[in-house]
Amino acid sequence: MDAEALRIEGLTLHYGGSQILHGIDLVARRGEVTCVMGTNGVGKTSLLKAIAGAHPRSGGRYRLCGDEIGRLGAHGLARRGVAYVPQGREIFPFLTVRENLETGFACLPRGARRVPDEIFDLFPVLHRFLGRRGGDLSGGQQQQLAIARALVTRPRLLLLDEPTEGIQPNVIQEIGAVIATLRRGGEMAIVLVEQYFDFAHSLGDRFVVLERGAIKLRGDAASISRADLIAAVSV
Ligand SMILES: Nc1ncnc2c1ncn2[C@@H]1O[C@H](COP(=O)(O)OP(=O)(O)OP(=O)(O)O)[C@@H](O)[C@H]1O
Ligand SMILES: [Mg+2]
């Protein structure tokens with residue numbers, strides 16, 4: 001129970017009249033990476049949006065570190081330690097790196113509004129480019145900025161949506177190293193949505209495979225074989 005950061009049960013989500021998520025159960029624990037996998041359009045992003053409050057949940061239970069959450073939306077969840085790095089990064093191109101990081105302050109009390117030094121230990125390139133506009137960074141640097149902006153809030157639960165999408169291999173490695181460092185730190189639960197199989201497989205402690213908005217397969221790294229996981233995500 002102690003390590004449990006997130007527990008959702010029977011989560012459902014609709015876009016207008018169409019139901020996209022059908023009763024998802026998911027647990028994420030501190031010091032672990034929980035990978036959500038599945039082909040295009042199965043509902044991975046919708047699941048992260050529901051957890052982040054970026055789209056309203058239509059049903060199910062949601063507990064964060066043991067507390068019942070009810071209908072709390074994005075801002076309230078961010079204040080309670082949920083940080084969301086959306087697919088496609090969504091950094092602000094006309095703001096500097098520093099200003100992008102400072103947008104993460106909105107959910108922090110005034111006294112806590114500083115960028116922790118550890119963020120620049122994780123992403124030295126961002127320190128070098130503090131005055132540069134977000135839009136002038138490479139795709140990989142923008143992804144690092146998006147993750148750093150999420151970390152500014154010192155989250156208990158970090159949600160990452162396809163952080164390797166469209167990123168060159170050397171930066172993918174750096175991002176993998178950062179996720180591994182955060183995992184080792186043991187304070188944060190990480191939910192990683194990822195279609196790059198080897199990346200997800202090398203980092204994941206637990207795996208969930210979605211198909212048409214429902215869970216098709218789940219297991220932890222010790223109990224689920226690589227072959228079974230590949231088969232589940234390949235159809
Ligand atoms: N805002 C929206 N309004 C209506 N339907 C949507 C909306 N966003 C997503 N959908 C639909 O919901 C389903 C799940 O989409 P979602 O983006 O969650 O999938 P995904 O697994 O993240 O896909 P991808 O791998 O392409 O990122 C898809 O059929 C998609 O077309
Ligand atoms: Mg998606």
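We count residues from 1, following the sequence as given. First listed ligand is number 1; within each ligand, the first listed atom is number 1.
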For this session: Give me the one residue out of V233, L210, L229 that meets side-chain contact (heavy atoms from CB on, under 4.5 Å) with L217.
Result: L229

Exercise. Of all the atoms in ligand 1, which lie at a distance below 4.0 Å from a heavy atom belonging to E162?
Worked result: 25 (O), 27 (O)

For this session: Please write down residue, atom name and distance for the protein heavy atom closest to atom 28 (C) of ligand 1.
Result: G41 O, 3.7 Å

For this session: May I ask you to test the T96-L130 pair for a side-chain heavy-atom distance under 4.5 Å?
Result: no

Exercise. Please state which protein non-hydrogen atom is closest to atom 9 (C) of ligand 1 and give its distance, to 0.1 Å?
Worked result: Y15 CE1, 3.4 Å

Exercise. Hey, is there an N, O or S on Q87 sitting under 2.8 Å from the Mg ion (ligand 2)?
Worked result: yes

For this session: State whether the number of non-hydrogen atoms from other residues, nucleotides or ligands found under 6.0 Å of R114 atom CZ is greater than 12.
Result: yes

Exercise. Do any of the N, O or S atoms of T45 sit under 2.8 Å from the Mg ion (ligand 2)?
Worked result: yes

Problem set entry | Taking atom 17 (O) of ligand 1 as the reference point, the nearest protein heavy atom with its distance | T45 CB, 3.7 Å

Problem set entry | Taking atom 18 (O) of ligand 1 as the reference point, the nearest protein heavy atom with its distance | S46 OG, 2.5 Å

Exercise. What do you think, any protein heavy atom under 4.0 angstrom from atom 31 (O) of ligand 1?
Worked result: no

Exercise. Side chains of I51 and L157: does their closest heavy-atom pair fall under 4.5 Å?
Worked result: yes

Problem set entry | Single hit among V193, V85, L192 for side-chain contact (heavy atoms from CB on, under 4.5 Å) with P163 | L192

Problem set entry | Test: R183 and D205 ion pair at under 4.0 Å | yes

Exercise. Quick one: nearest non-hydrogen protein atom to atom 25 (O) of ligand 1, plus distance?
Worked result: K44 NZ, 2.7 Å

Exercise. Please state which protein non-hydrogen atom is closest to atom 26 (O) of ligand 1 and give its distance, to 0.1 Å?
Worked result: N40 ND2, 3.1 Å

Exercise. Where's the contact between I20 and ligand 1, heavy-atom distance under 4.0 Å: side chain, backbone, both or neither?
Worked result: side chain

Exercise. Under 4.0 Å from atom 7 (C) of ligand 1, do we find at least one protein heavy atom?
Worked result: yes

Problem set entry | Residue, atom name and distance, where the atom is the protein heavy atom closest to atom 19 (O) of ligand 1 | G43 N, 3.3 Å

Exercise. Would you call E99 and R133 a salt bridge, taking side-chain N to carboxylate O under 4.0 Å as the test?
Worked result: no

For this session: Select one of side chain, backbone, both or neither to describe which atoms of K49 lie under 4.0 Å from any atom of ligand 1, heavy atoms only.
Result: neither

For this session: Report yes or no: do Y196 and F207 belong to one cluster of Ile/Leu/Val/Met/Phe/Trp/Tyr joined by side chain heavy-atom distances under 4.5 Å?
Result: no

Exercise. So which bit of H55 gets within less than 4.0 Å of ligand 1, heavy atoms only: side chain, backbone, both or neither?
Worked result: neither

Exercise. For R113, does the CZ atom sit with more than 12 other heavy atoms under 6.0 Å from it, leaving out its own atoms?
Worked result: yes

Exercise. Does the side chain of T12 come under 3.5 Å of the side chain of Q19 through a donor N or O and an acceptor N or O?
Worked result: no

Exercise. Should you measure from each heavy atom of Q87, which atoms of ligand 1 turn up under 4.0 Å away?
Worked result: 27 (O)

